[in-house]
Each structure stands twice: as structure tokens, then as C-alpha cells.
Amino acid sequence: QVQLVESGGGLVQAGGSLRLSCAASGRTCSTMGWFRQAPGKEREFVATAWSGGGTFYADSVKGRFTIFTDNAKNTVYLQMNSLKPEDTAVYYCAADIGIEVGTRAQYYDYWGQGTQVTVSS
């Protein structure tokens with residue numbers, strides 16, 4: 001079993017920054033990801049990182065968001081800079097034992113509970 005717990009969500013003004021964290025426990029996962037979901041919309045891919053140091057970002061956040069891990073702490077982070085109101089959503093941490101599993105939410109087997117990020121104009 002894998003358990004993921006997100007934290008760090010909150011309210012921030014447009015142009016500001018926020019850092020989300022996801023603490024993982026249980027079996028080792030080779031792929032970590034961040035997704036977000038706004039009301040009435042499908043869960044969308046944000047960023048992923050996999051064993052070996054590879055990362056990939058959605059075009060909507062590229063250059064503004066950074067995913068990184070602290071393996072000693074079993075924690076993955078999402079640093080969000082230059083936030084826009086369009087970034088407002090519930091953000092979810094995801095994990096999978098496979099490597100480089102992709103950008104679709106269905107590919108990830110484990111999920112955190114989500115943390116709300118609200119960006120005001």
C-alpha cells in the first residue's frame with residue numbers, strides 16, 4: 001500500500017508563489033505526479049517526475065512550476081511561481097510503482113486527498 005498526504009495549499013494573490021508538498025509512505029514509487037481539478041472539469045495533468053531525475057510539465061505551467069523530490073524525506077514538492085487565477089483548483093499528488101507512466105490520471109494507482117489552491121486577482 002502507498003499513502004500520500006498533501007499540504008501547503010492556501011490562498012495567494014496573482015503573481016505570488018506557493019509550495020505544495022506530498023509526503024509518501026509505504027512501498028517505493030518510481031513515478032510521482034501532480035494533477036489539478038477545478039469544479040466541473042476533468043482532472044488535468046500538471047507535472048511528473050520519475051526515477052533518474054526526469055521531469056515533464058503541462059504547457060500551461062511550464063516555466064512557472066517546478067516539481068522536485070527529496071528522497072531522504074520521501075517527499076515530492078510542487079513549487080508554483082507567477083500564479084494566475086486560472087491555476088485555482090484542488091491539487092492532487094499521485095504516485096505509481098511504474099516508471100515514467102505518463103500524463104493521464106488513469107495511469108496512476110495512488111492518490112492523496114487533495115489540497116485547495118486559490119489564486120485571487
Side-chain angles (χ1 to χ4, degrees):
Q1 187 72 288
V2 175
Q3 296 186 48
L4 306 173
V5 180
E6 303 102 328
S7 62
L11 190 151
V12 64
Q13 294 187 49
S17 297
L18 205 61
R19 179 180 291 183
L20 306 182
S21 63
C22 173
S25 61
R27 67 185 302 179
T28 300
C29 292
S30 295
T31 302
M32 304 295 297
W34 286 96
F35 292 77
R36 65 188 183 186
Q37 187 168 21
K41 295 185 177 294
E42 290 188 351
R43 192 165 299 185
E44 68 171 344
F45 168 77
V46 175
T48 184
W50 57 90
S51 297
T55 60
F56 184 76
Y57 299 89
D59 287 341
S60 59
V61 306
K62 195 174 300 181
R64 299 188 298 120
F65 291 10
T66 303
I67 183 172
F68 61 99
T69 59
D70 185 336
N71 292 326
K73 296 181 178 179
N74 294 116
T75 301
V76 61
Y77 302 89
L78 184 68
Q79 178 66 46
M80 304 183 293
N81 298 325
S82 301
L83 282 161
K84 306 174 181 179
E86 307 91 88
D87 296 318
T88 296
V90 176
Y91 283 70
Y92 296 90
C93 176
D96 199 88
I97 62 173
I99 187 167
E100 201 175 349
V101 299
T103 63
R104 290 182 60 84
Q106 295 91 326
Y107 295 165
Y108 293 78
D109 288 334
Y110 305 101
W111 293 86
Q113 81 287 352
T115 184
Q116 176 71 47
V117 172
T118 302
V119 184
S120 64
S121 60

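Residues: numbered from 1 along the sequence shown.
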What's the spacing between [X] [atom1] and [Y] [atom2] if we round to 0.5 Å?
X     : Y      : atom1 : atom2 : value
Asn74 : Cys29  : CG    : SG    : 10.0 Å
Thr88 : Gln116 : OG1   : CD    : 7.5 Å
Asn81 : Arg19  : CG    : CZ    : 9.0 Å
Arg43 : Gln106 : CZ    : CD    : 10.0 Å
Met80 : Thr66  : CE    : OG1   : 11.0 Å

Donor-acceptor pair, [X] side chain versus [Y] backbone, under 3.5 Å?
X      : Y     : result
Thr75  : Ala23 : no
Ser30  : Ile99 : no
Asp109 : Asp96 : no
Thr31  : Gly98 : yes
Tyr57  : Ile67 : yes

Could you tell me whether [X] atom [atom1] has more than 12 heavy atoms of other residues or ligands within 6.0 Å of it?
X     : atom1 : answer
Gln13 : CD    : no
Gln3  : CD    : no
Lys62 : NZ    : yes

Hey, does [Y] have a side-chain heavy atom less than 4.5 Å from the side chain of [X]?
X      : Y      : result
Glu44  : Thr103 : no
Tyr110 : Arg27  : yes
Tyr91  : Glu6   : no

Connected via hydrophobic side-chain network under 4.5 Å: [X] and [Y]:
X     : Y      : answer
Val12 : Val46  : yes
Leu20 : Val2   : yes
Val76 : Val61  : yes
Leu83 : Tyr77  : no
Phe56 : Val101 : yes

Salt bridge or not for Lys84 and Asp87, using N-O below 4.0 Å? no
Taking all atoms of both residues into account, what is the closest heavy-atom pair of [X] and [Y], and its distance?
X     : Y     : answer
Ser17 : Ser82 : OG-N, 4.4 Å
Ala89 : Ala38 : CB-N, 4.0 Å
Ala49 : Thr55 : CB-CG2, 4.0 Å

How far apart are the C-alpha atoms of Tyr92 and Phe35, what are their side-chain angles, what is the distance that settles it, and do they pass the ring pair (Phe, Tyr, Trp, His ring centres under 6.0 Å) test? CA-CA 5 Å; Tyr92 296 90; Phe35 292 77; 8.8 Å; no
Audit row: Leu18, Phe65, side-chain contact (heavy atoms from CB on, under 4.5 Å) steps and yes/no: CA-CA 10 Å; Leu18 205 61; Phe65 291 10; over 6 Å; no
Could I get the full list of disulfide (SG to SG under 2.5 Å) partners for Cys22, not counting sequence neighbours? Cys93
Step-by-step side-chain contact (heavy atoms from CB on, under 4.5 Å) determination, Leu78 to Arg36: CA-CA 12 Å; Leu78 184 68; Arg36 65 188 183 186; over 6 Å; no
Indicate whether the side chain of Tyr108 and that of Thr48 have a donor and an acceptor atom separated by less than 3.5 Å. yes
